Asker: 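Would you mind keeping the following structure in view while I ask a few things?
Treat the numbers as computed from the prediction; the structure is a model and nothing was measured. Lettering of chains follows the sequences in order, A, B, ..., and the numbering in each one begins at 1.
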Amino acid sequence: MARQDSSLPVAAYSPKSLREKWQAYWDEKKTFRAPNPGDRDFNIARPKNYILDFFPYPSGAGLHVGHPEGYTATDIVARYRRMRGYNVLHTMGWDAFGLPAEQHAIETGQHPAITTLQNITTFRRQLKMLGFSYDWDRELSTTDPDYYKWTQWIFLQIFNSWYDEKTRRARPISELPIPDEVRARGEKAVREYVDSQRLAYLAEVPVNWCPALGTVLSNEEVTNEGRSERGDHPVYKRPLKQWMLRITKYADRLAEDLEELDWPESVKLMQRNWIGRSEGAEVTFRVADHDASLEIYTTRPDTLFGATYMVIAPEHPLVRMITTPDRHAAVDAYCEQAINRSELARTAEAKEKTGVFTGAYAFNPVFPEVDSRARIPIWVADYVLMSYGTGAIMAVPGQDQRDWDFAKVYNLPIIRTVQPPEGFDGEAYLGDGPAINSDFLNGLTMAEAKKKIIGWLEARGIGKGAVNYKLRDWLFSRQRYWGEPIPVLHGPDGEIVPLDESELPLTLPEIDDFRPTVSEGNDGGMPEPPLGRAKDWATVTRDGRTYRRELNTMPQWAGSCWYYLRFCDPRNDHRFVGQDAERYWMLSKRKDGRPHVGGVDLYLGGAEHAVLHLLYARFWHKVLYDLGHVSTVEPFGKLFNQGMIRAYAYRDARGIPHGYDEIDFRDDGKAVLRETGEVLSANVEKMSKSLKNVINPDDVVNEFGADALRLYEMFMGPLEASKPWNPRDVPGVFRFLQRTWRLIVDEDSGELSSFVVSAETASRAPGSGSEADPLERALHKTIQKVTQDIERMAFNTAISAMMEFVNEVYRAKSIRKDQAERLVLILSPFAPHLCEELWQRLRGPAWTDSVSKEPWPNWNEKLVVDDEVEIPVQVSGKVVARITIPRDADEAAARNAAMANAKVADRLAGRTVAKTIYIPGRLLNLVVQ
RNA sequence: GCCGAAGUGGCGGAACUGGCAGACGCGCCGGAUUCAAAAUCCGGUCCCCGCAAGGGGGUGUGGGUUCGAUUCCCACCUUCGGCACCA
């Protein structure tokens with residue numbers, strides 16, 4: 001399907017030349033530059049609008065058709081808002097630290113900075129090719145020292161803060177009150193106390209250590225089979241000193257503030273579930289024959305009378321102490337094999353409960369210790385996780401299915417403490433009901449019993465109401481090269497010394513071997529990150545003391561946690577963002593004038609970042625807010641998730657995928673393998689190299705042009721839905737663009753087409769008073785529809801409305817020049833290259849500048865409603881006829897018109913109308929007996 | 001297992017707040033143009049019965065509410081996404 005054919009007319013629609021011409025124009029004139037407050041051409045009178053895409057990781061594979069989907073949507077909104085008189089901030093940058101470039105470096109020795117630069121060059125070229133209206137002067141990369149200087153600066157802000165529970169906010173560490181008894185123990189104790197309160201802290205934590213990759217992985221990077229998501233290497237649990245960020249302190253605020261955000265409910269729900277707040281109680285159980293007690297957390301303190309045994313996690317510190325000598329061998333063996341498996345591997349095969357008895361007993365505090373019911377056995381089992389609550393539970397098999405399952409395996413007693421309803425035939429009963437077998441709680445509902453028992457526990461000092469979260473602190477260090485160095489020094493006495501702001505950026509040292517020091521097997525020595533290879537860099541001497549640099553780097557999330565702030569003022573070299581710029585672009589008002597919680601007015605990207613990126617960025621933002629560095633509570637006021645674009649994968653009988661270049665499509669639509677004629681199966685799947693179903697945007701642009709690619713991606717269906725790419729549909733939108741071109745331009749002469757008539761000529765034509773002109777009415781309706789659809793992000797229906805209008809012009813064979821101009825204006829955000837050219841040709845000598853500088857056209861409310869409407873007439877809810885009546889006809893008039901219709905009269909013959917339902921402009925329903 | 005979203009022609013999809021189901025595009029069929037084809041323009045196209053006029057059915061399945069249900073309620077099936085022993 002060669003579109004560049006020498007036999008084409010001289011002035012045929014040529015996407016390629018229009019693209020080149022107008023992109024050069026935009027670049028040269030800096031058409032989409034967004035001035036900041038303080039700039040000479042800044043116009044304070046205009047309202048602001050910040051429209052942001054999730055910035056991409058510039059992978060070696062280049063742009064994927066999934067990228068332009070979201071980028072086109074935001075581009076349409078950005079162009080539309082500019083025409084509506086907003087100052088629009090619309091930017092693009094690169095989330096360019098990350099594992100793929102580093103893996104490539106390990107394999108080839110090519111420095112990740114070089115790979116990254118090449119990939120960025122490709123991405124930039126491809127994005128520019130699509131004509132997005134970014135302010136390219138604001139482009140940034142997280143890997144640029146001028147950028148990561150400030151990532152490191154923010155880390156230091158977090159490091160130098162503590163969380164004040166009373167005021168519920170972060171405060172500078174210098175304001176931390178030091179308890180007297182700590183002060184009394186000396187300087188080192190004070191230092192350790194302070195370090196223990198920081199929002200960034202070092203902790204020995206069990207991590208997912210992957211020897212093959214030489215790095216620690218986050219839980220998300222480990223598969224259910226306990227292997228690395230990247231490369232499928234084995235992953236082991238081992239304790240390692242790691243940087244942690246105290247995100248759990250913000251759990252409540254992160255959950256509460258979701259309320260105010262204009263985000264998809266599904267994303268809010270995912271975040272709430274991830275935070276996983278639960279309310280319950282902590283209860284102390286004394287351990288028999290030991291000077292020890294077990295702290296447990298439960299959401300069901302009301303079932304305390306039903307606790308028949310205890311379970312502690314294999315990692316629990318009390319395990320060794322309380323296990324009786326005769327049980328040591330069994331307990332040790334069990335714990336060892338449980339601890340060695342990753343948490344995920346452990347939970348994956350959770351079918352059958354396992355555990356061992358420690359030989360020890362605890363006293364249930366609701367009974368006197370002399371009472372035989374008080375003494376309950378303590379077991380170790382891997383269904384209790386050390387990382388949640390206190391790592392120990394009271395087991396209540398009567399009201400908890402997991403405990404029930406365990407009790408059945410090991411023959412432990414079961415006591416019901418909630419009366420199940422009549423006919424209940426399940427095992428553990430989780431529902432509400434009157435308490436039984438529970439002494440002073442008997443007869444109370446679940447809520448009443450919880451309240452009463454918590455009061456009872458608190459009065460005796462053996463328990464209290466408590467809140468727990470699934471959310472864990474954020475494991476922040478990675479054993480990698482290609483990330484931001486963490487700007488701290490480790491002193492000879494183990495003290496942590498943060499770098500001074502003046503020492504930033506701490507740049508990555510040059511090394512030529514990017515491999516970490518890999519230990520053999522499961523239990524080799526301490527792994528050392530690749531930065532350890534830079535010997536000169538890794539040690540620093542100050543005042544005669546030798547310090548060791550932190551060798552871990554930050555995770556990829558770090559750079560993406562604040563880039564939206566940097567875009568406001570990307571070249572500022574004395575602040576992470578200038579205050580005026582931050583306030584102008586981030587602070588937005590609601591319609592009712594109250595300040596909005598969050599600054600970015602539209603943040604658009606895929607749902608795969610629904611939890612982690614968005615939660616981490618919100619956390620950093622709140623810390624910056626608490627410390628007075630930013631002016632909004634939340635970073636992203638409105639969030640929108642685009643759906644995934646998938647494509648048909650064609651497989652042969654053996655299940656082997658085949659690409660389009662090997663396939664012929666028969667007339668019946670079936671795909672056959674060209675070589676053998678075998679009919680292939682077709683399934684919509686995620687695009688991937690291995691399935692050979694990846695669509696390359698360059699190919700589409702070469703064949704149909706950037707405007708057609710943009711338009712197709714928007715026309716496919718709702719932005720939020722996942723949709724299949726169908727190569728056969730692309731020519732459809734291309735045809736529409738071509739029809740629009742020919743509507744306005746005569747292909748043979750290059751002059752305006754014969755359809756386009758001047759206003760004077762039109763007014764002389766019979767019956768074309770401007771308001772009565774049916775085309776004028778249709779245009780007003782189209783402008784209204786397109787405007788409203790852009791506002792609600794329904795681009796597919798906006799495009800079909802414009803298609804309908806163009807079809808109507810073809811039928812009319814005539815359009816006034818001012819009408820054609822308005823059509824071009826509303827189409828321009830969607831197909832900017834085509835519309836720039838049409839605008840210039842329509843304006844002729846009156847043309848001054850880019851179509852994007854023109855105001856958005858209005859519609860007249862009077863012209864979008866028809867005076868006469870056709871409505872259906874139903875008889876008892878069944879449509880029998882259609883009548884045309886004035887829009888505002890009253891019920892009697894509508895009824896009379898209906899009765900005059902033969903079909904209606906026929907249906908009503910011999911019957912009485914019991915009820916009439918008339919919705920003006922909609923329908924008339926005559927209900928008969 | 002739990003939570004969430006979605007199921008509409010041959011295909012992608014449309015239908016505001018319960019009011020004409022299938023807009024728009026693809027594909028297919030027919031016509032015009034052409035020596036011919038491509039391209040283009042015009043028309044048709046949910047299914048079934050019927051030459052037609054006309055009639056019947058229809059939004060995953062089964063029930064319900066309503067004058068009226070793609071839309072609301074209940075149960076179930078399927079697909080996709082998230083979580084997964086969180087006490």
Asker: Carefully, step by step, assess A/Val384 and A/Ile312 under the rule side-chain contact (heavy atoms from CB on, under 4.5 Å).
Answerer: CA-CA 6 Å; A/Val384 170; A/Ile312 58 179; 5.9 Å; no

Asker: Are A/Tyr810 and A/Phe755, when compared by the centres of their aromatic rings, separated by less than 6.0 Å?
Answerer: yes

Asker: Between A/Trp263 and A/Phe640, is the gap from one ring center to the other below 6.0 Å?
Answerer: no

Asker: Under 3.5 Å for both donor-acceptor distances, Watson-Crick or wobble: does B/G27 have a partner, and if so which one?
Answerer: B/U45

Asker: Going from CE on A/Met394 to CG on A/Leu304, what distance comes out if it is rounded to the nearest 0.5 angstrom?
Answerer: 4.5 Å

Asker: Looking at B/C26, does its base get a donor-acceptor pair with the side chain of A/Asp729 below 3.5 Å?
Answerer: no

Asker: Which base sits across from B/G18 as a Watson-Crick or G-U pair, both distances under 3.5 Å?
Answerer: none

Asker: Under 3.5 Å for both donor-acceptor distances, Watson-Crick or wobble: does B/U33 have a partner, and if so which one?
Answerer: none

Asker: Show the atom names and distances, to 0.1 Å, of all donor-acceptor pairs under 3.5 Å that link a side chain in residues 709-717 of chain A to residues at least two apart or in another chain.
Answerer:
residue, atom, partner, partner atom, Å
A/Arg710, NE, A/Phe830, O, 3.1
A/Arg710, NH1, A/Asp75, OD2, 3.0
A/Arg710, NH1, A/Leu130, O, 3.1
A/Arg710, NH1, A/Gly131, O, 3.4
A/Arg710, NH2, A/Asp75, OD2, 2.8
A/Arg710, NH2, A/Pro829, O, 2.9
A/Tyr712, OH, A/Asn726, N, 3.0
A/Glu713, OE1, A/Glu69, N, 2.9

Asker: Would you mind telling me which residue lines up with the more 5' stretch of RNA chain B, A/Val879 or A/Tyr648, judged by nearest nucleotide?
Answerer: A/Tyr648

Asker: Base, sugar-phosphate alone, or nothing: which one does A/Arg792 contact when heavy atoms must sit under 4.0 Å apart?
Answerer: sugar-phosphate

Asker: Quick one: which of B/A23, B/G13, B/A87 gets closest to the side chain of A/Ile393?
Answerer: B/A87

Asker: When every nucleotide of nucleotides 72-80 of chain B is labelled 5' to 3' by its protein contacts under 4.0 Å (heavy atoms), B for base, S for sugar-phosphate only, - for none, what sequence of letters results?
Answerer: ---------

Asker: Which one is paired to B/A5, where only Watson-Crick or G-U wobble pairs with both distances under 3.5 angstrom count?
Answerer: B/U79

Asker: In whole angstrom, give me the gap between the P atoms of B/A38 and B/G27.
Answerer: 13 Å

Asker: Go ahead and name the base partner of B/A52; Watson-Crick or wobble counts if both distances stay under 3.5 Å, otherwise write none.
Answerer: none

Asker: Are side-chain N/O atoms of A/Asp252 and A/Tyr469 paired as donor and acceptor at under 3.5 Å?
Answerer: yes

Asker: Could one point to a donor on the side chain of A/Lys470 or the base of B/C83 with an acceptor on the other under 3.5 Å away?
Answerer: no

